[in-house]
Amino acid sequence: MTNVRVRFAPSPTGPLHIGGVRTALYNYLFAKKSGGTFILRIEDTDQTRYVEGAEEYIMESLAWCGIIVDEGINEGGKYGPYRQSDRKAVYRQYADILIKRGDAYYAFDTSEELEALRKESESIGNTFIYNAAVRGKLKNSFTMTESAWKKKLEDGAPYVIRYRMPDNEDIHFDDMIRGHIVVNTGTLDDKVLFKSDGMPTYHLANIVDDHLMEITHVIRGEEWLPSLPLHFMLYRSFGWDSPLFAHLPLLLKPDGKGKLSKRDGDKMGFPVFPLFWPFGETAKGYREEGYYPEAFVNMLALLGWNPGTEQEIFSMEELTEAFSIERVGKSGSRFDPEKAKWFNHQYLQKKSNNQLAMEFREFLRAKGFHNDIGDLEKLVGLVKERVSFVKDIWSETDFFFKAPETYDNEVIKKRWKEDSPAILMELSSLLKNLHDFSSSATEPAVKAWIEEKGYNMGQVMNVFRLVIVGTSRGPHIFDIISWIGKEETLNRIKKGISAISV
RNA sequence: GGUCCAUUCGUCUAGUGGUUAGGACGUCAGGUUUUCAUCCUGGUAACAGGGGUUCGAUUCCCCUAUGGACUACCA
């Protein structure tokens, strides 16, 4: 088998959608599985949609995910340049080849004229398509005399170059995911290949570049499936072998209908982009929300592909090993934000307490804590298994850092009894006399005291937790007091008694 | 409207011409924790509908329905 060469070819029109990231990932996995080459090509032939910062965003996103580009605008390579606007000079000659072969032609219709035609057709319930049926009535090198259209070109009149789609021919082609497809050219239109601004359209640039860059497999989103027949025709007109195609199913909204959009994320509170997008209308990113790239990639890989086994947790290496186009599904996948969290939970559990403590320390610094924040490794160990994100450690441990300011009324109503203050006072003096304040020392001491006094556990432990935490949640109470220390424990008991007894 | 694509639990999916249709997320129940969460155990829940083909279809074919993509001098 020849060397696999695949490309990811986004347009720099804004932040890269997670559907795009998944396309890049599948390309990457496919290439790496066979030791092939992953190419990043920037498709910026539409200058009006170019967005500053988007190229960098794309590259940073791939890097964050651990997708390594072999050839691209930064990496270079033998087939460059890798930005289509830098390849402008190469496209025109290919358009000319098509014209010479009679497979393409000049057209002088203005956008306004065509728009009017479209409206007119629509008003009588038809769809206007620029094809064999109408091309004979419009302004182009078929309807004009050679001297007339040549004169127009010489005069610098604006024109486009269109592909001449055959009138009525069944064309057959194959997709690695969808199998064999047949389309009649009569339903297709004469697509513009070369725009009046001197730039090629996607269709021309894409085919020319894929050929020149010796791309062997085109793995892209399903939204391209309708233009596949055109692309096949172009390869045929040029006399080139076409690469193999695989059209990936789309990522759909978690609820309702249609493909996943930024709005869904905003509405339901999850990101639709890998990284925070800082320009203009900003957008949340998985990285900034606290997702690990490994978890993000794992989640994305399983959305539309499965290994055929019951394994769900995969490293990039394992994904590379297991991936195959054959196991990519045919139908669109609804995105499930809950499952995304679950993946992150799995990866967080695998981190060492030491590593998590470091990450949590960073988090605390950003929050303004600078010194004296205690044994974070131990703290993290107490709550690790209940969190999915490093930021959750904070919401699970805020009461470690500061005494409660309010006390849960529900819990007070249920647990606070007349004798509670007296019992807590007793408990306080008991704790005061303990020298070893570790959990393993305080717990048996307190339990023995409860037994000796004939109290029951519930009447003591619940109010104890209430004054220490402020409500009924959190890790083992003796672990908490051990971490905050004797002095703080006694203070909280005292404060709690006076605050609640009022 | 037209062209093309798709359709297994709520979601991601496995699977087969004859299976108790499997797993994961979610959800529910029980257990653990005298808290909350985690965790463990168990339960709930699906082959879109109608025709064929066949001894037998969830699986193969056709139709319908539903969903989706595309329908620009955007990609």
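In what follows, chains are A, B, ... by sequence order, proteins preceding strands, each numbered from 1. Bear in mind that the values here come from a model prediction, so they are computed numbers and not experimental data.
Considering only side-chain N and O atoms, A:R22 lies nowhere under 4.0 angstrom from the phosphate OP1 or OP2 of B:rC12. Distances shorter than 4.0 Å separate some side-chain N or O of A:R162 from OP1 or OP2 on B:rC73. In this model, the phosphate group of B:rU13 is approached by a side-chain N or O of A:S333 to a distance below 4.0 Å at OP1 or OP2. Side-chain nitrogen and oxygen atoms of A:K259 include none within less than 4.0 Å of the OP1 or OP2 phosphate oxygen of B:rC5. Of the side-chain N and O atoms in A:N306, none sit less than 4.0 angstrom from OP1 or OP2 of B:rU13. Within the 4.0 Å cut-off from OP1 or OP2 of B:rA75, at least one side-chain nitrogen or oxygen of A:T45 is found.
In this structure, of B:rU35, B:rU13, B:rC73, it is B:rU35 that holds the atom nearest to the side chain of A:R465. Distances were taken from every side-chain heavy atom of A:L250 (C-beta onward) to each of B:rC12, B:rA75, B:rG68; the shortest belongs to B:rG68.
In this structure the side chain of A:D264 never reaches within 4.5 angstrom of the side chain of A:F335, judged on heavy atoms.
The 5' end of RNA chain B is approached more closely, in terms of each residue's nearest nucleotide, by A:L252 than by the other of A:W224 and A:L252. Nucleotides of RNA chain B nearest to A:L225 and A:K447 differ in position, and the one nearer the 5' end is that of A:L225.
To the nearest whole angstrom, the two C1' atoms, one in B:rA69 and one in B:rA75, are 14 Å apart. For the P atoms, the distance linking B:rA57 with B:rG51 amounts to 12 Å, nearest Å.
Nucleic acid contact class of A:H476 (heavy atoms, under 4.0 Å, all strands): base. Residue contacts for A:R178: at a heavy-atom cut-off of 4.0 Å it reaches the sugar-phosphate backbone alone, with no base atom in range. Residue A:R220 is classed as having no contact, given no heavy-atom separation below 4.0 Å to the nucleic acid.
The base of B:rA24 sits with one of its N or O atoms less than 3.5 Å from a complementary donor or acceptor on the side chain of A:K339. Donor-acceptor pairing under 3.5 Å, judged by distance alone, is present between the side chain of A:T127 and the base of B:rG1.
Under 3.5 Å, the side chains of A:D46 and A:Y202 contain no donor-acceptor pair of N or O atoms. One side chain, A:N184 or A:D170, offers a donor N or O that lies under 3.5 Å from an acceptor on the other.
Within a 6.0 Å sphere centred on CZ of A:R220, other residues, nucleotides and ligands contribute more than 12 heavy atoms.
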